[in-house]
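Let me begin by handing over the structure; questions about it come next.
Numbers restart at 1 for each chain; the letters A, B, ... are given by sequence-line order, proteins then strands.
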Amino acid sequence: MVTDWLSNSRKLGKYLLVLALASWVGCGDRIPNADQAVEQGILLKGNGAEPRTLDPQKATGVTENKVISALIEGLVTYHPTDDNEAEPGVAESWEANEDSSVWTFHLRDNARWSNGDPVTAHDFVYSYQRMLTPELAAEYVNMLFIIENAEAFNRGTVSDFSEVGVEALDDHTLRIQLVGPTPYFLGILQHYAWSPVHQPTIEAHGGMTDQSGTWTLPGNFVGNGPFILSEWRPNQLLRVERNPYYWDAERVALNGIIFFPISDDNTERRMFDSGQLHVTNTVRSNDIPNLRRTQPERLRMDPYLATYYYRFNTTRPPLDDVRVRRALALAVNRQRLVERVTMGDQSPAYAYVPPAFDGYENQTSLRHDPERARELLAEAGFPGGEGFPRLNLLFNTLEDHRKVAEAIVSMWNEELGIGMQLENKEWMVYLADQSQLNFDVARAGWVGDYLDPMTFLDMFVTDGGNNNTGWSNAEYDELIQRAQRSRTQEEHYQLLMDAERILMDEVPIAPLYWYTRIYLIDPRVKGWEPKALDNRPYKYVSLEAE
Amino acid sequence: MSFPKSLSPSSKRLPTVEIQLDQIEEGTSLWQDAWRRLSSNRLALISFWLLVAMVLFCFVGPLLTSYSYRTPNLDNALQGPSWAHWFGTDDLGRDQLTRVMKGGQISLGVGILATTVSLIIGVLYGATAAYLGGKIDNAMMRFVDVLYALPFTIFVILLMTLFERSILLLFLVIGAVEWLTMARIVRGQVISLKRQEFIEAAVSMGLSTRRIIVRHLIPNVLGVVAVYATLTVPAVMLLESFLSFLGLGVQPPMPSWGSLIKLGADNLQLYPYLLVIPALFFSLTLFCLNFLGDGLRDALDPQSSKD
């Protein structure tokens, strides 16, 4: 998901939040505090930034996903505890052919939209057609390119959608023909890019490619998830309520959820402390040592499928020299970084793919070795850092990124004798600078979209949309391509492991640590399990008074 | 109505005017008068010496501490005030005393330099427009209106991206956008002054426009200008921290009082000293500037009584 869940529009958000708080006073009786909410079965959740859209096919952020997964359910959905398992959603059962390239889903008869219409296989065909229509310009469209002919349809070389490998065999049977064997398809299928949308609603509000998103407003929105959208006050709150038409409505324990877009960590913390939230979105690193001592039962630090790393711009000297990049990567003491700077149980990362996959072993030649780093730098022509140009280190404006950047620059200075200029920029500028390769070294984070190392590794193929390093390696590209077509899990992992080894030998990026998902939670919230992708099947979450 | 002393008695024969003016001014110049009056204003004087002490603290202080403002000491992070670190340490274990001093360099520097720049441009521009009047005034002030209409941030971003980034440029850029209000205030003052007799006298003596503006009009508006300047300094300091936050200003590890206060505000609950100390220095400076500005206004007003 787009590089980072930590919010970006923090400053503006702060002012808007003041306004929001001011207007809450006026209608405060309608928002329960944490205690009242427990009695009413309403979960109060801090949700970072304001969602930009609730259209599952236009959404790109973690914030949006948190809301959408309450409103819409795909063929398969999130398992309450085990990320490797697919939980049946609209599909009751499914089977794949021998090489996992053709999948048939049997949809349950009692799946309903929130207006009472049945959810059928045709809805999915319509949804994938909408997603793939070039005019919609869906950012996550390439997730669907594993469907036969999908890419061609999106590029316009195939104009007839019936040639694309999605077919409703009858109302309750959907067949998906993939370009090749994809054993991890069920993992990908949990991503919200594969969500169904309600055709009559979309057609009634501007049609298939309408960009205004009016169909997602309360009153218009029709979904098929455990909850329905009942209220959306921009920058104040977003409220969802139990959906009576949901096929598994008895299992849903909560009566509703209120999502608060609070982009300022301090405000969120104060709201939690004063009993206005059950779950926060994040915790600032400076607060962690104190929270560990004073409220360990509320502080959660779950392993998270995400990597914090630095990008090198391999098109600019001296970073075009692999020895220089390697020296920089070797000189960082990651153990110290996670213990003293980030402080949230993160693991030091000497490889890129987070260690969350059985049978996948990180392939790396990186370690903490300042001695070797100095040698490499000397070989590259900068003994003791002499003559090394003053490079810029780009990061998006956020205190915790600033802390990491300052700590690392000082490590480089201490071990290698090189100075680096810090440069913080506003989120949008920071993103633009990265995609235009307008930086020397840049901070980055990547959160996995689905549970397969591929979600991390395929971004570094030549000219990949999120490559942003200028790095290109033909052998790497080929390994990724072969891994996309591999028939078995072992073969798939082996190819990806080989690819990661190349990535770590060439060091276009220096991984720093593997994230943990850090948040505060009210002990009365039950069923909120650690999940590597931080995906919550809200129907299993409940509130219990003590 | 009393004239500046220099103008009143001796304007019978034109050729001797200049010499006589200079002779008479000796011993009782505007600045000497001002200093005399300022020294009798206790509050202003204390503020003045406190500001001098603050400048010394910020610019000489860092040479006397044994800590670096930039090198993290991760084992020592977020320690409260102690003998080793009088003001405690920040979240990367750096001595907060040293950082407050270093931050003061930036904040005082930007305050003084940017205000000076805005003063020079604003006063000259406003006085010229007002004195010349007519179409020129109209054109000059419409130009100011246009600049007012430009969103400030966009203007700064434009200037900062067009030119190489540096701290000095930042100071100048802030000064270059802060002079607009100054120009308007000065213009208003000068318009009311230029119809008065002492200016007519100066005109009738054949003084050049430039001399009338610089020697006769500007000293008469200095009181207002001094007060407005002391208000500009804090505004400019805040602007600097805002720009630093956007990533256009001072970049870490270089601190400024604005960025130190921001860090402190973020950590107020657990580490209040991070906010209290830089905020104290910041507000003390602003207080001193305000009292001094007050005193300066009284001291610089040529129309106030001289005894």
Side-chain angles (χ1 to χ4, degrees), chain A residues 10-12 14 264-267 269-270 272-274 284-291 293-294 333 335-343 392-414 419-430 433 438, chain B residues 67-80 88-94 96 99 153-154 156-158 160-161 164-167 170 238 241-256 258-275:
Chain A
R10 199 155 286 259
K11 180 181 54 63
L12 185 67
K14 199 185 278 178
D264 180 59
D265 318 335
N266 267 312
T267 316
R269 178 71 201 282
R270 274 195 292 276
F272 183 83
D273 288 347
S274 61
R284 295 156 33 77
S285 64
N286 283 351
D287 290 355
I288 294 174
N290 179 274
L291 284 168
R293 277 198 312 276
T294 57
N333 187 343
Q335 191 64 40
R336 215 166 143 68
L337 187 74
V338 299
E339 277 172 15
R340 297 290 177 175
V341 180
T342 62
M343 298 186 283
N392 274 348
L393 169 54
L394 172 72
F395 61 102
N396 56 305
T397 310
L398 190 75
E399 277 302 296
D400 283 347
H401 297 328
R402 194 256 323 149
K403 260 176 89 178
V404 171
E406 286 200 58
I408 285 181
V409 165
S410 105
M411 286 176 190
W412 281 338
N413 189 27
E414 226 163 90
M420 210 170 278
Q421 176 79 35
L422 298 186
E423 192 176 24
N424 64 323
K425 291 197 173 168
E426 229 283 315
W427 177 253
M428 297 310 285
V429 186
Y430 154 85
D433 272 359
N438 182 23
Chain B
Y67 299 106
S68 150
Y69 73 92
R70 55 183 309 157
T71 313
N73 179 1
L74 297 178
D75 295 321
N76 224 348
L78 294 169
Q79 304 291 312
T89 59
D90 74 354
D91 55 1
L92 286 166
R94 296 172 295 201
Q96 188 74 354
R99 285 181 66 76
T153 9
I154 294 185
V156 173
I157 290 171
L158 193 78
M160 296 298 281
T161 42
E164 185 78 7
R165 264 193 209 188
S166 75
I167 294 179
L170 176 74
L238 290 174
S241 59
F242 164 70
L243 285 178
S244 297
F245 182 78
L246 275 189
L248 292 165
V250 183
Q251 293 288 352
M254 178 62 89
S256 73
S259 62
L260 290 174
I261 288 173
K262 189 187 169 295
L263 178 75
D266 286 347
N267 293 287
L268 177 60
Q269 273 181 324
L270 292 176
Y271 313 102
Y273 66 92
L274 282 180
L275 174 66

>> Taking B:Asp266 first and then A:Arg269, would you say they form a salt bridge - that is, a charged N and a carboxylate O separated by under 4.0 Å?
In response: no

> Can you check whether A:Asp273 reaches B:Gln269 side chain to side chain, under 4.5 Å on heavy atoms?
Replying inline: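 Yes - at least one pair of side-chain heavy atoms lies under 4.5 Å apart.
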
> Which residues pass the side chain to side chain donor-acceptor pair (under 3.5 Å) test with A:Asn392, sequence neighbours left out?
Replying inline: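 Once residues adjacent in sequence are excluded, the partners of A:Asn392 under the side chain to side chain donor-acceptor pair (under 3.5 Å) criterion are A:Glu423.
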
>> What's the separation between atom NZ in A:Lys403 and atom CG in B:Asp91, rounded to the nearest 0.5 Å?
In response: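 These two atoms lie 4.5 Å from each other.
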
> Under a 4.5 Å heavy-atom cut-off, does chain A meet the side chain of B:Leu78, its backbone, both or neither?
Replying inline: side chain

>> How long is the straight-line distance from CG of A:Leu291 back to CG of B:Leu270, given to the nearest 0.5 Å?
In response: 7.5 Å

> Relative to chain B, which segment of A:Asp287 carries a heavy atom at a distance below 4.5 Å: side chain, backbone, both, or neither?
Replying inline: both

> Given that the side chain runs from C-beta out, which part of A:Glu339 has a heavy atom under 4.5 Å from chain B: side chain, backbone, both or neither?
Replying inline: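 A:Glu339 has no heavy atom closer than 4.5 Å to chain B.
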
> Do you know which of A:Arg270, A:Arg336, A:Glu399 has the most heavy-atom pairs with chain B at a distance under 4.5 angstrom?
Replying inline: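 Sorted descending by pairs with chain B, the first entry is A:Arg336.
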
> So, for B:Pro252 and A:Asn424, which heavy atoms are closest and what is the spacing to 0.1 Å?
Replying inline: CD-OD1, 4.3 Å

> Who among A:Asn286, A:Leu337, A:Asn266 has the most heavy-atom pairs with chain B under 4.5 Å?
Replying inline: A:Asn286

> Who wins among B:Gly93, B:Pro253, B:Ala77 for the most heavy-atom pairs under 4.5 Å with chain A?
Replying inline: B:Pro253

>> Is B:Asp75 in contact with chain A via its backbone, its side chain, both, or neither, using a 4.5 Å heavy-atom distance?
In response: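 Both parts, backbone and side chain.
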
> From B:Thr71 OG1 over to A:Glu406 CD, what is the distance, rounded to the nearest 0.5 angstrom?
Replying inline: 10.5 Å

> Which pair of non-hydrogen atoms, one from A:Ala407 and one from B:Pro72, has the smallest distance, and what is that distance?
Replying inline: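 Closest approach of A:Ala407 to B:Pro72: CA-CG, 4.3 Å.
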
>> Which residues pass the salt bridge (Lys or Arg N to Asp or Glu O under 4.0 Å) test with A:Arg284, not counting sequence neighbours?
In response: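 Residues passing salt bridge (Lys or Arg N to Asp or Glu O under 4.0 Å) with A:Arg284: none at all.
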
